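First comes the structure, then the notes that go with it.
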Amino acid sequence: MKQRLEKLVERFGIPRLIIMAFVLALFILGSLTGLSTAQLLSASLVRFGMNGVLVLAMVPTITCGVGLNFGLPVGVLCGLVGALISMQLELKGFVGFISAILFSLPLAAIFGWLYGWLLNRVRGQEMMVGTYVGFSSVAFMCIFWLLAPFDNPELIWAIGGQGLRYTLTLDNHFGKVLNEFLLLKIGDLEIPFGLVGAFLLLCLLSQLFLRTKVGLAMQAAGDNPRFARAAGIDVPRMRSLGAMLSTILGAVGIIIYAQSYGFLQLYMAPLMMAFPAVAAILIGGASLARATVGHVILGTFLFQTLLTIALPVTSHIIGGDISEVARLIVSNGMILYALTRAGGGR
Amino acid sequence: MAQALRMQSITKKYYGTTVLKDVSLEVDQGEIHALVGENGAGKSTLMNVLFGMPVIHQTGGYEGEVYIGGQQVDILTPADAMALGIGMVHQEFMLIPGFTVTENIKLNREKSRPSLLSRFFGKSLEILDMEDMARDSRAALDKLGVGIEEWLPVAGLPVGYMQFVEIAREIDKENVRLLVFDEPTAVLTESEAELFLAAIKKLAQSGMAILFISHRLDEVVAVADRITVLRDGEVVGRLSREEAHLDRIAELMVGRRIERPSLPPRAKEPSDDDIILDIRDLMVDMPGERLNGLNLAIRRGEIIGLGGLAGHGKVAVANGIMGLHPAAGEVLKDGQPLPLNDPAEVLRQGLAFVSEDRRGTGLLLGDSIEHNIVFTSLQAQDRFLKEGFLPGSMLKLQDSAQIRKHALQMIKELDIRCRGPEQPVRTLSGGNQQKVCLARALTLSPEILFASEPTRGIDVGAKSLVLDLLVEFNRRMNMTVVITSSELAELRQICDRIAIIYQGRLVGILEPDAPDVEYGLMMAGGKRAGVS
């Protein structure tokens, strides 16, 4: 019995157990202090759905052997450009949302492939190089936002009329379209089936992809490149493909994120986008070499729930806001923990 | 002459397997003593005992005694060995390229004089006495009779000179009485080797005892005063300079009566009229196993063995043809050129490979048995797939039911001992892992199967099973099998012909029942008249 319990703990991983216990404790604390558990849960579900795809974007790179995609801002930027084009063309509602995704796809494919090409040149340093690719592309795009030929008055600075604004509201475009689609209300509890469903659908597609011929080839390329080569697989190509898929998911992810948030954030906002996603998948039990869709779902849920309920609960108890601090400690601590342990949980 | 080293009745077991049995060895001062034997004969183990390597003591130590200069000693660590005046010249160079010859020779034994800082902060801040160090280095190099300038940086020196620097470092140590050379000439060119042999002769004349481990029998005969031959962990011959003939040593080294089991007959014996694979001037850039222009014609339906000593390129043949290491040259299959450096195409053309690097290249260790078995076939031949949710062959889904069925059949046919097809291959024994590799190759239904070191690292029972399987593939499916092995005995058991590779080239092809002498000589690079 004791042995079986130990085995269970080992399989599940101690960090996950601690975080779960912590989340549970926060919920209990929250209800004790009179906060509505239903509201906390609703908010958590929204956060879960809006961040999930960005976390899912980590799976292709880990699978193909590139590691965690710290260069996620590349995908995020492509998504932002897609969304801006859709807004410039005054496309509204679902049409605007879908067209934003469609506009961003070719961009994400091209830049993702280039990013993969670069990563193939720096084997063994992918995560370090990816981090700086992300940082420098964000900086570069700051110039682009100023010079880009968008002239929809809603998008550009009101005074002067040159350059895009810092934060663009999506209210008149595709804000909340997915959040309000198939929204189920039971008393205080709101379940955003549309948003969560869209995320789970993408998870399912990813899972199916991993069982296709090319998906299997990608896993082998990540697992054991020499084995893959012996089986006739073009390993660098698989790695490029992984980076490309991750970038595409990053683009789709930010559009879903933005519609839920209600705003499009430009300039320096995408800079740190990769870190919460990385932390979430690691909390879910992924390692630098292995990640499954299950890790994504569990990790996103735990991480986002933690952040969502920590804010009201702590501010209620302490009277101040330590959620931002907690977020930084948890996310960066988790990344540090995973980087020092190459193995990771299964 | 005074005795420098005596190893008396050394016996060493690794986990119940005896690797050295009652081995005795004596080296006198001023003598060059050669130790020869095939790969795996026990030479390295004996040297590990002499140097007190941790691997010996972690596995239960050894039996027998070691005497240095007539005194019985216990050598428990490499530091003990060094303190007793035993020097070792490594096979790989342990030199720092950016340092000069002097700095390398004196590394960690620098001469220094006090400085202002060292008065306060201790000896590690003393100033190096470069002049004194250079003088010592010069003396050591002169002792070897080589004219390398001691101030040159090591980077850029010819390989042979690096070897000399390595030796100079050893003889510069004041107390060194016995020098051990492990395959020192393996990386040298012929003229460098000559220089080297002259140098060690000079060293021996100055009174140094030298233990010389080599595969090159001609060198051994040329310089050694006495020769000890090891085979399967036993001393099978002690020869003095007068008795030492190439033929005699070669025979002792290889010598074992091979019982060749009667193999099943074939409808049609393979012959030179029907060549399936014609290898012409194949060059393969595989680190440590370079192939420099191999010509070999492989007959359809035969089992051909590739033999030769480690480092001479025999394993590069399969790795090069399968596209795993950069290759150049020409390979014709059924008269049509086979593309080199394109693993996918080679697999499609009906060639399969069981790698010598089982855990590295051969398996997805964390993955299940069934995936390992079907993976290559699925990728290269589009088998075990079903229509997916999107068109396109790359997006076809794996057909789990078909995979399971095939895996179960293979597990039964090849007798893979496991809990089931989902067991990760990491948890299988070496022999069963090798069977999974063979099952994968078999799943490809290849015309030609390359099996590199198929029995390496697996136990005796599994060895014969693996060999039997290869014979069965050959006879039942008329599969042409190319086996690369360091164990000549197993090649001679099942092969129709055995090609011996030396320094990246073919020296000759022997019948399995050819005399031991011929094998020994060919593996040492000697060509003989009358060899087919």
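A, B, ... follow the sequence lines: proteins, then strands. Residue 1 opens every chain. None of these values were measured; they are calculated from a predicted model.
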Please list, chain by chain and in numerical order, all residues satisfying side-chain contact (heavy atoms from CB on, under 4.5 Å) with B:Asp399, sequence neighbours excluded.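 Partners of B:Asp399 by the side-chain contact (heavy atoms from CB on, under 4.5 Å) criterion, ordered by chain and then number, come out as B:Lys386, B:Ala401, B:Gln402.
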
Return the set of residues passing salt bridge (Lys or Arg N to Asp or Glu O under 4.0 Å) with B:Asp285 (not counting sequence neighbours), or none when no residue passes.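 Applying salt bridge (Lys or Arg N to Asp or Glu O under 4.0 Å) to B:Asp285 gives B:Arg290.
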
Report, in residue-number order, which members of residues 224-237 of chain A are under 4.5 Å from chain B by heavy-atom distance.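 So far as heavy atoms go, A:Asn224, A:Arg226, A:Phe227, A:Arg229, A:Ala230, A:Ala231, A:Gly232, A:Ile233 are the residues that approach chain B to under 4.5 Å.
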
Which pairs with one or both residues in residues 339-354 of chain B pass salt bridge (charged side-chain N to carboxylate O under 4.0 Å, His left out), sequence neighbours excluded?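 Residue pairs with at least one partner in residues 339-354 of chain B: B:Glu345-B:Arg348.
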
By a 4.5 Å heavy-atom criterion (distance strictly below it), what part of [X] contacts chain A: side chain, backbone, both, or neither?
X: B:Phe375; value: side chain
X: B:Arg358; value: neither
X: B:Leu363; value: backbone
X: B:Ser400; value: side chain
X: B:Leu378; value: both

Go through B:Asp367, B:Leu347, B:Leu364, B:Asn319 and name the one with the most non-hydrogen pairs under 4.5 angstrom from chain A.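 Among the listed options, the one with the most contacts to chain A is B:Leu364.
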
In terms of heavy-atom pairs under 4.5 Å with chain A, which of B:Gln379, B:Arg440, B:Gln398 leads?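 Sorted descending by pairs with chain A, the first entry is B:Gln379.
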
Is it the case that more than 12 heavy atoms not belonging to [X] sit under 6.0 Å from its [atom1] atom?
X: B:Met477; atom1: CE; answer: yes
X: A:Arg123; atom1: CZ; answer: yes
X: A:Tyr257; atom1: OH; answer: yes
X: A:Phe111; atom1: CZ; answer: no

